[in-house]
Visitor: 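Sending over a structure as structure tokens; questions will come in a sec.
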Amino acid sequence: MKRFAGMICAIGGLFIMLPSTADDLFLLPKDTHTRWISFENPTGQKGGGGKENAGAKGHAFDSLAADQTRTLLEYEGCGTIRRMWLTIDDRKPDMLRALRLRMYWDHAATPAVDVPFGDFFCAILGHMAKFENEFFSNPEGRSFNCYVPMPFRTGARITLTNESGRNLEKLFYDIDFTIEPAQPEAALYFHATWRRERWTELRKDFEILSRVTGSGRFLGANIGVITHPDNAGWWGEGEVKMYLDGDGEFPTIVGTGTEDYIGTGWGQGEYAHRYQGCLQADGKAGHFSFYRYHVPDPVYFHQDIRVTIQQMGGAGKKQVLELLEKNVPVVPVSVNPDNAFIPLLDPPRDLKDQSIPDGWTNMYRQDDFSAVAYFYLNRAENGLPELASVAKRVEGL
């Protein structure tokens, strides 16, 4: 079975969402209709658009007052959201974190998506980069585009809430979707969740995605890092771990380092590729933002999933010893002299031991981590906590 524009293929009884191909462009799917919702046609009603000001651009934008929630889309029926585009006149970092984006599928009581607006659209830490990747784009640093397909069966609702404490004067948007007769039985619901730890806990991995039960597919994440002011060196030695389908203490999937996870190595500069990128690498300010999307390398789960990243950096042995002398919260993990590896935790060894040669020293450390995790799930509600307060979201930006 094939489906137009983000087709769903049945392979061996498993339904898999695939991107559209050139061969699909000339196929007309049966009983499928296109709708766009914006302030010019807020209900998407057939023949209902552009009625204000005698059809001459009568309602291109509107405001979003402090503490106001606007319903951007509300539709009864079956369909798939194909594209979202928005732009706003206040794009300061605190506004992008204070705007709260929520999405509900099939009249669920709790949202499948509950995230800061900017982080969702790759403006992690409020940084507006010019880029394009598989799911998001920002052509000139002034807009927000999303192309993740989001199917629903009986209804969809998308809201935007202004929790910044100040008015947003101009909000432009359109949400493009198709009305469809039915979804395949195995079609999954799109979800996104956001977490932040102002300073992570020493020796404890940061959870990109807290444990979710059910079956589905992990799509990837946007991640932001603000380095600790007492430890401004290299922070990116942490490995990404994925705990799948009943994994306990140890995960099934483990990476080799932070920059390795996003496809680069030996450090991390700025780049934007289709499935992986780093949109901000400001070593002076200690701000880094990056993404990885699992499209050609799918991550499926059938019972549950949890995704973490180690809080680990590195420096020369001498520099790590200096941090310890200054009581900076670090825990040495290993030393890598020329073509060797010396573990320090198992068996336990003291870095001050003079028999340990000089070399690159990995260490647990503390930093400010935040992340939006994207995933598909076999139900419309995910059971995760609601979004953190605006004060916790914007602290330290």
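What's counted below: heavy atoms across the whole structure, side chains too, no hydrogens, waters or symmetry copies. Remember, it's a predicted structure, so these values are computed and weren't measured experimentally. Nothing fancy with the numbering, it's 1 onward along the sequence.
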Visitor: Taking atom CG of Leu125 and atom CG of Leu96, what is their separation to the nearest 0.5 Å?
Guide: 11.0 Å
Visitor: Before giving the answer on salt bridge (charged side-chain N to carboxylate O under 4.0 Å, His left out), spell out for Arg379 and Glu381 the whole-Å C-alpha distance, their side-chain angles and the decisive distance to 0.1 Å.
Guide: CA-CA 6 Å; Arg379 62 179 189 275; Glu381 296 181 87; over 6 Å; no
Visitor: If the test is side chain to side chain donor-acceptor pair (under 3.5 Å), which one of Arg100, Gln68, Arg70, Arg102 qualifies with Thr161?
Guide: Arg102
Visitor: Side chains of Ser370 and Glu197: donor-acceptor distance under 3.5 Å anywhere?
Guide: no
Visitor: Please report the interatomic distance CD1(Ile262) to CD(Gln276), rounded to the nearest 0.5 Å.
Guide: 7.5 Å
Visitor: Just to verify, what does Phe120 make a ring-ring contact (aromatic ring centres under 6.0 Å, His included) with, not counting sequence neighbours?
Guide: Phe136, Tyr374
Visitor: Scan side-chain atoms only and decide if Glu52 and His59 contain a donor-acceptor pair under the 3.5 Å cut-off.
Guide: yes
Visitor: Evaluate the side-chain proximity of Trp85 to Ile175: yes if any heavy-atom separation is below 4.5 Å, no if none is.
Guide: no
Visitor: Before accepting this row, confirm whether a basic side-chain N of the pair Lys318/Asp358 lies closer than 4.0 Å to the acidic partner's carboxylate O.
Guide: no
Visitor: From Phe288 CZ over to Ile223 CD1, what is the distance, rounded to the nearest 0.5 angstrom?
Guide: 13.5 Å
Visitor: Say whether Thr71 and Glu74, considering side chains only, have a donor N or O and an acceptor N or O under 3.5 Å apart.
Guide: no
Visitor: Kindly indicate whether a cation-pi arrangement holds for Arg157 with Tyr104, taking the cut-offs as under 6.0 Å to the six-membered ring centre and within 45° of the axis.
Guide: yes
Visitor: Hey, does Asp114 have a side-chain heavy atom less than 4.5 Å from the side chain of Met103?
Guide: no
Visitor: Decide whether Thr154 and His107 meet the rule of one side-chain donor and one side-chain acceptor closer than 3.5 Å.
Guide: yes
Visitor: List in chain and number order the residues that pass side chain to side chain contact (heavy atoms under 4.5 Å, CB included) with Asp260, two or more places apart in sequence or in another chain; answer none if no residue qualifies.
Guide: Thr256
Visitor: Check residues 336-349 and write down every donor-acceptor pair under 3.5 Å in which the side-chain atom is one partner and the other belongs to a residue at least two apart or another chain.
Guide:
{"residue": "Asn336", "atom": "OD1", "partner": "Asn362", "partner atom": "ND2", "Å": "3.4"}
{"residue": "Arg349", "atom": "NH2", "partner": "Ser355", "partner atom": "OG", "Å": "3.1"}

Visitor: If Ile, Leu, Val, Met, Phe, Trp and Tyr residues are connected whenever their side-chain heavy atoms lie under 4.5 Å apart, and connections chain through other members, are Ile208 and Met312 in the same group?
Guide: no
Visitor: Could you tell me the separation between the NZ atom of Lys130 and the OG atom of Ser143, rounded to the nearest 0.5 Å?
Guide: 11.0 Å
Visitor: Looking just at side-chain N and O atoms, do His191 and Asn382 make a donor-acceptor pair shorter than 3.5 Å?
Guide: yes
Visitor: Measuring centre to centre across the rings, with the benzene-like ring taken for any Trp, is His273 within less than 6.0 Å of Tyr271?
Guide: yes
Visitor: Checking Thr87 side chain against Arg142 main chain: does a donor-acceptor pair fall under 3.5 Å?
Guide: yes
Visitor: In this structure, is the centre-to-centre distance between the rings of Phe172 and Phe61 below 6.0 Å?
Guide: yes
Visitor: Quick check against the 3.5 Å criterion: does His127 have a side-chain atom that pairs as donor or acceptor with the backbone of Leu279?
Guide: yes
Visitor: Under a plain distance cut-off of 3.5 Å, with no hydrogens placed, do Trp36 and Asp174 share a side-chain donor-acceptor pair?
Guide: no
Visitor: Does the distance from a Lys or Arg side-chain N to an Asp or Glu carboxylate O, for Arg153 and Glu76, drop under 4.0 Å?
Guide: no
Visitor: Verify whether the ring centers belonging to Phe144 and Tyr173 lie closer than 6.0 Å.
Guide: no
Visitor: Backbone N or O of Ile356 within a donor-acceptor pair of the Lys317 side chain at under 3.5 Å?
Guide: yes
Visitor: Taking NZ, NE, NH1 and NH2 as the nitrogens, is one of them in Arg166 or Asp90 under 4.0 Å from a carboxylate oxygen of the other?
Guide: yes
Visitor: Any chance you could lay out the salt bridge (charged side-chain N to carboxylate O under 4.0 Å, His left out) test for Asp176 and Arg83, step after step, and finish with the verdict?
Guide: CA-CA 5 Å; Asp176 314 344; Arg83 172 183 179 266; 3.2 Å; yes
Visitor: side-chain contact (heavy atoms from CB on, under 4.5 Å) with Lys241: which of Thr252, Val307, Thr308?
Guide: Thr308
Visitor: Using the rule that Ile, Leu, Val, Met, Phe, Trp and Tyr join whenever any side-chain heavy atoms are under 4.5 Å apart, tell me whether Tyr364 and Trp199 fall into a single cluster.
Guide: no
Visitor: With distance as the sole test, does Glu40 use its side chain to make a donor-acceptor pair with the main-chain N or O of Gly58 at under 3.5 Å?
Guide: yes
Visitor: Is there a salt bridge (charged side-chain N to carboxylate O under 4.0 Å, His left out) between Arg35 and Glu180 once you walk through the steps?
Guide: CA-CA 11 Å; Arg35 296 290 184 268; Glu180 300 158 13; over 6 Å; no
Visitor: Tell me, do Trp105 and Met150 make a side-chain contact under 4.5 Å, heavy atoms counted?
Guide: yes
Visitor: I would like to know whether Lys326 and Asp230 meet salt bridge (charged side-chain N to carboxylate O under 4.0 Å, His left out); could you show each step before the answer?
Guide: CA-CA 9 Å; Lys326 295 176 183 178; Asp230 294 333; over 6 Å; no
Visitor: May I ask you to check whether Asp297 and Tyr275 show a side-chain donor-acceptor distance below 3.5 Å?
Guide: no
Visitor: Rounded to the nearest 0.5 Å, how far does CG of Asn138 lie from CG of Asn145?
Guide: 7.5 Å
Visitor: With heavy-atom distances below 4.5 Å as the criterion, would you say the side chains of Arg198 and Arg196 are in contact?
Guide: yes
Visitor: Look at Asp304 together with Arg306 and state whether they make a salt bridge at an N to O cut-off of under 4.0 Å.
Guide: no
Visitor: Taking side chain as C-beta onward, heavy atoms only, is Leu377 less than 4.5 Å from Phe301?
Guide: yes
Visitor: Do Tyr243 and Ile305 come close enough that some side-chain heavy atom pair is under 4.5 Å?
Guide: no
Visitor: Could I get the full list of side-chain hydrogen bond (donor to acceptor under 3.5 Å, both in side chains) partners for Trp234, not counting sequence neighbours?
Guide: Glu237
Visitor: For this output row, return yes or no: ring centroids of Phe135 and Tyr293 closer than 6.0 angstrom.
Guide: yes
Visitor: Name all residues meeting the ring-ring contact (aromatic ring centres under 6.0 Å, His included) criterion together with Phe206; count only those two or more places apart in sequence or in a different chain, and write none if there are none.
Guide: Phe369
Visitor: Indicate whether any N or O donor in one side chain lies under 3.5 Å from an N or O acceptor in the other, for Thr200 and Gln311.
Guide: yes
Visitor: Could you tell me how the ring of Tyr376 sits relative to the ring of Phe190: parallel (under 30°), tilted (30 to 60°) or perpendicular (over 60°)?
Guide: perpendicular
Visitor: Who pairs with Tyr261 by side chain to side chain contact (heavy atoms under 4.5 Å, CB included), at least two apart in sequence or on another chain?
Guide: Phe218, Val240, Met242, Arg292, His294
